[in-house]
Amino acid sequence: MTYDHKSIEAKWQDRWETEKVFQVTEDASKPKFYNVAMYPYPSGELHVGHIRNYTYIDLITRYKMMQGFNVLGPMGWDSFGLPAENRAIETGMHPQPSVEGQIAKMKMHFRKLGAGFDWSRELASHSPEFYRWDQWLFLEMYKRGLAYKAEARVNWCPKDQTVLANEQVVEGLCERCDTPVEHKELSQWFFKITDYADRLLDSIDTLDNWPDRVRTMQRNWIGRSEGATFSIGVDGGGTFDVFTTRPDTSFGMTFCVLAPEHPLVESLIGGSATEAEAREYIEATGRASEIERMAEGGKTGVFTGAYAINPVNETRIPIYIADYVLMGYGTGAIMAVPGQDQRDWEFATKYGIDIIRTVQPPDDWDGEAYTGDGVTFNSDFLDGMMRDEAVSTVISWMEDKRIGTGTVQLRLRDWLISRQRYWGSPIPIVNCDHCGMVPVPEDQLPVLLPHVEDYAPKGRSPLAAVDEFVNTTCPECDGPARRETDTMDTFVDSSWYFFRYTDAHNDEAIFDPEKAKYWMPLDQYIGGVEHAVLHLLYARFITMVLYDMGLSPVEEPFERMFTQGMLVRDGAKMSKSKGNVVPPDDYYENYGADALRLFELFVGPPTDDAVWNDSGVPGTKRFLDRLWKLGTAAHEFQDRDENGSDREILGLVHRTVKKVTDDINRFHFNTTVPALMTLANELQAYLADGAREETFGEVFDLMLLMLSPMSPHIAHELWEMRGHEDLLALQSWPVWDEELAREETVTLIVQVNGKVRDRLEVSAELTAEEVEAVALASEKVLGWLEGKEVRKVIARPPNLVNLVVG
RNA sequence: GCCGGAGUGGAGAAAUUGGCAAACUCAAUGGAUUCAAAAUCCAUCGCUCGUAUGAGCUUGCGGGUUCGAGUCCCGCCUCCGGCACCA
């Protein structure tokens, strides 16, 4: 017997919508719970891997509601940006109608899943009501010196024809299209995230409810390292600065290396014997992409012909140019200490440069450069010191001599936010010949994105070709002026949208701080680990900025972060390009959202990748069919007093409530499903053995309450059919009764020397002496004791006794 | 290289604190039902020996701690993810 999932699911989706079950407002009388899944790019097509995510978020919304929380679970659309624009280019349909059509499809998907979102707060980043506040935020950052325009060597994707932030370059490739990234000198807008590097780094320690890997990835990305920056003189005049984390090894410096792009290079090679060779090298490395530079087997470089003076011992050492030194990190120049640095070792070996060890390696050391700690030698006043002491001693020495100082280096760069693309929020700046760069006044926001038919990327913003947009008047002097034509990175939108949900329709302000104070921080945030350093770092940064502006009540936006695993099929992550995507449509049609949701929960630990099994949903549907039959068939009940079998099934259901509650709290959703399956199996057996109607009803109702956040439609229908008038979603989550949950008898494990030799049903009340006595009375056990002496008895009543014999 | 995570049956997995390894589901096999099939129901299902009661082995590998280790400690191997000529 199967149930009619289609009509039941449509019925309850209507009810939840018309009764506004998931619409909430601030309510000081209830504890709040703010529950968000990262807002999706509206691709229009969800696959079962996405559904997993939304099943989790919906389960939490429904569970927390039943626990008495005022739960906000909003949904919106990350509708600006490259994916939407590229899709528009492919299909020839303008991004606006295209995106809006996709949004309508996605909403249909969410409805079919039965997801409980508060649609009254829906937002979309491409709508002027939203991006107006992007622009406002930009201007506030500009006022505070946190947004600036600068000429810089930037990442350029030749396919997407736009610049990219460092975070959007993955192993030298464009994050979106895997095209090798090039470099260009361009004048671009940046957000000064480096000003917040220390705060962003330090407060990672407070994010106790975040996955370790995400915290580690952010720490690595910020890449703070402590050391010294000091100046090295060139023999014949001039100086350059170097950064090192190992100033204690300065006496081992036998050469210096400058990056090929280093500004001093030109004057060093001019007129030198190796000038031609050096110029050729610089040109060759300039042409090579970063990947090619790294892929080279050994280190390459060229002698400049110039010498430097090692400031700690006045030794004259050669200066090389080599591309293993990067202009983008530190000072673009290094002191090379081959004895203590493997890269320098390789370079020195190749070019025949001296190697001097200054740190004593362990006796059994047979490696090349020794980078560990040890006693310093060959180092004059540092001799005999261990690393930490030597570092601080040499830094003081440098500070006394005024040639250097202790410094901190970051790997993190400022966030490049301008894009030479159409489908984004215009940067609200006007360039005036007379007044220079002028921010658009707040009352003139939003700077509307004009409707443009030719939005194909051309290496400069398509907006630059729209005269009506570009030409404007200066807000200061009313003279002719030109607008900025770059648009903002969509990661700007996503770094504050979760504030907007708290006050989604405010047209006076980005949001009301009072509303944010009620809802923030997010109690639960769920999304893919691919955003570990992109969105999640930017969102933390912008939240800190909003905090400093007095708008956010918190410095950290996401109290508890959860990154779900991916669904894998045919050995690969589901993706359109691999052709292994499983759409949910057939499941809705043939098995129902409830069965699909249940399998999504059942498929494996939420944090882990899981393998999609096509027979899984039919399996969970079978379970729901059995449940339906159990709840709707006419049963023969016994008219009798409560007895042992009633207490057993009641005990089991209370233990199940405890387990399911604990499991949901720990995000072990995959074990909640088997708990309910076991309960249903036992309930069926109880029924077959002759059930009391009251007991059966009590157990069944508790089961429906637990099923409600997982497979809500069937649970609601059965709940109603059992004569309950109030909506199941609004019931309280069940609380287990410790007394009922207690087991009366347990299986006592009897071990002899740690091996299980007998299992006995005993009362749960037995003491240590009693279980020992029971164990020693067991015939099976006696056989193992024959001829041996019991030396020790380990009793763990009532579950286990271990007899140690010998 | 550094950092993080993982390794358990044919598959997904389970085992909150060190205490019955493999719950639950899928697949497979056998059976019932059926004219037949689907659906449903029942049974078997880690490996070895044995007709069997049963015995031995088994959580990537090697050691250790412990009465007792999938779980803790030490040393390795493999896989996944992140960062990376970062000085």
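All values below come from the heavy atoms of this structure, side chains included, with hydrogens, waters and symmetry mates left out.
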Report the nucleotide, chosen from B:U25, B:G56, B:C85, that has the shortest atom-to-atom distance to any side-chain atom of A:N681.
B:U25
Hey, does A:Q409 reach any base, or is it just sugar-phosphate, or nothing, if we go heavy atoms under 4.0 Å?
nothing
For A:P605, answer base if it contacts any base atom (sugar-phosphate contacts may also be present), sugar-phosphate if it contacts only those atoms, and nothing otherwise; contact means non-hydrogen atoms under 4.0 Å.
sugar-phosphate
Measure from the side-chain heavy atoms of A:M217 and tell me the nearest of B:C85, B:U16, B:G82.
B:G82
Check A:R560 with A:D208, please: is the shortest side-chain N to carboxylate O separation under 4.0 Å?
no
Which whole number of Å gives the distance between the C1' atom of B:C77 and that of B:A84?
24 Å
Pairwise P distance, B:A55 and B:A22 [rounded to whole Å]
16 Å
Within the structure shown, what part of the strands sits under 4.0 Å from A:R413 by heavy-atom distance: base, sugar-phosphate, or nothing?
nothing
Relative to each other, are the rings of A:H5 and A:Y3 parallel, tilted or perpendicular (30° and 60° limits)?
perpendicular
Taking B:A87, B:G82, B:A15 as options, the one with an atom nearest any side-chain atom of A:R666 is B:A15
Looking at A:T671, does any N or O in its side chain come under 4.0 Å of the phosphate oxygens OP1/OP2 on B:C24?
no
Using only modelled atom types and a 3.5 angstrom limit, is any donor from either the side chain of A:R213 or the base of B:G81 paired with an acceptor on the other?
no
So if I take every side-chain heavy atom of A:W221 and compare against B:C83, B:G56, B:C41, which nucleotide ends up nearest?
B:C83
Please measure how far the C1' atom in B:G60 lies from the corresponding atom in B:C79, and state the result in whole Å.
10 Å
Give A:W784 one of three labels, base, sugar-phosphate or nothing, depending on what nucleic acid heavy atoms sit under 4.0 Å from its own.
sugar-phosphate
Please determine if a side-chain N or O atom of A:K792 lies less than 4.0 Å away from the OP1 or OP2 oxygen of B:C67.
yes
Can a salt bridge be assigned to the pair A:D663 and A:R666 using a cut-off of 4.0 Å between side-chain N and carboxylate O?
yes
In whole Å, measure the gap between the C1' atoms of B:G19 and B:C24 for me.
22 Å
What is the distance, to the nearest angstrom, from the CG atom on A:D614 to the C1' atom on B:A11?
13 Å
Ignoring hydrogens and angles, state whether a donor on the side chain of A:Y324 or A:D344 is under 3.5 Å from an acceptor on the partner side chain.
yes
When the ring planes of A:F667 and A:F562 are compared, do they come out parallel, tilted or perpendicular, using 30° and 60° as the limits?
tilted
Under a 3.5 Å limit for both distances, which nucleotide forms a Watson-Crick or G-U wobble pair with B:G50, could you say?
none
Taking the P atom of each, how far is B:G7 from B:U17, in whole Å?
15 Å
Answer with base, sugar-phosphate or nothing: what part of the nucleic acid does A:G616 contact at a heavy-atom distance below 4.0 Å?
nothing
Can you tell me the pairing partner of B:U65 across any strand shown, Watson-Crick or G-U wobble, with both distances under 3.5 angstrom?
none
Nearest-nucleotide pick for A:V756, side chain only, options being B:C26, B:G12, B:C20
B:C20
Sugar-phosphate only, base, or nothing, as touched by A:T620 at under 4.0 Å among non-hydrogen atoms
nothing
Within the structure shown, what part of the strands sits under 4.0 Å from A:N670 by heavy-atom distance: base, sugar-phosphate, or nothing?
sugar-phosphate
Candidate nucleotides B:A87, B:C83, B:G19, ranked by approach to the side chain of A:N220 - the nearest
B:C83
When all nucleic acid strands are considered with a 4.0 Å heavy-atom cut-off, which category describes A:D608: base, sugar-phosphate, or nothing?
nothing
Would you tell me whether A:D414 and A:T194 have side-chain atoms, one donor and one acceptor, within less than 3.5 Å of each other?
yes
Per nearest nucleotide of RNA chain B, the residue lying toward the 5' end, A:K780 or A:F602, is A:F602
Taking atom P in both B:G1 and B:A27, compute the distance separating them and give it to the nearest angstrom.
44 Å
Anti/syn call for B:G9, syn if |chi| within 90°
syn
Pairwise P distance, B:G63 and B:U58 [rounded to whole Å]:
12 Å
Is it the case that the side chains of A:T358 and A:Q340 hold a donor-acceptor pair, with the cut-off being a distance below 3.5 Å and no angle test?
yes
Under 4.0 Å between a Lys/Arg side-chain N and an Asp/Glu carboxylate O for A:D205 and A:R219?
yes
B:C76 - base-pair partner by Watson-Crick or wobble geometry, distances under 3.5 Å
B:G60
Once hydrogens and angles are ignored, does a donor-acceptor distance under 3.5 Å link the base of B:G1 to the side chain of A:Q342?
no
Using a 4.0 Å heavy-atom cut-off across all strands, classify A:N802 as base, sugar-phosphate, or nothing.
base
Per nearest nucleotide of RNA chain B, the residue lying toward the 5' end, A:R411 or A:A333, is A:R411
Per A:T216 side chain, nearest of listed nucleotides B:C3, B:C85, B:U16:
B:C3
Can you tell me the Watson-Crick or wobble partner of B:G18, both distances under 3.5 angstrom?
none
Checking B:C26, B:A23, B:C57 against the side chain of A:R622 (C-beta onward), the nearest is B:C26
How far does the P atom of B:A39 sit from the matching atom of B:C26, given to the nearest Å?
12 Å
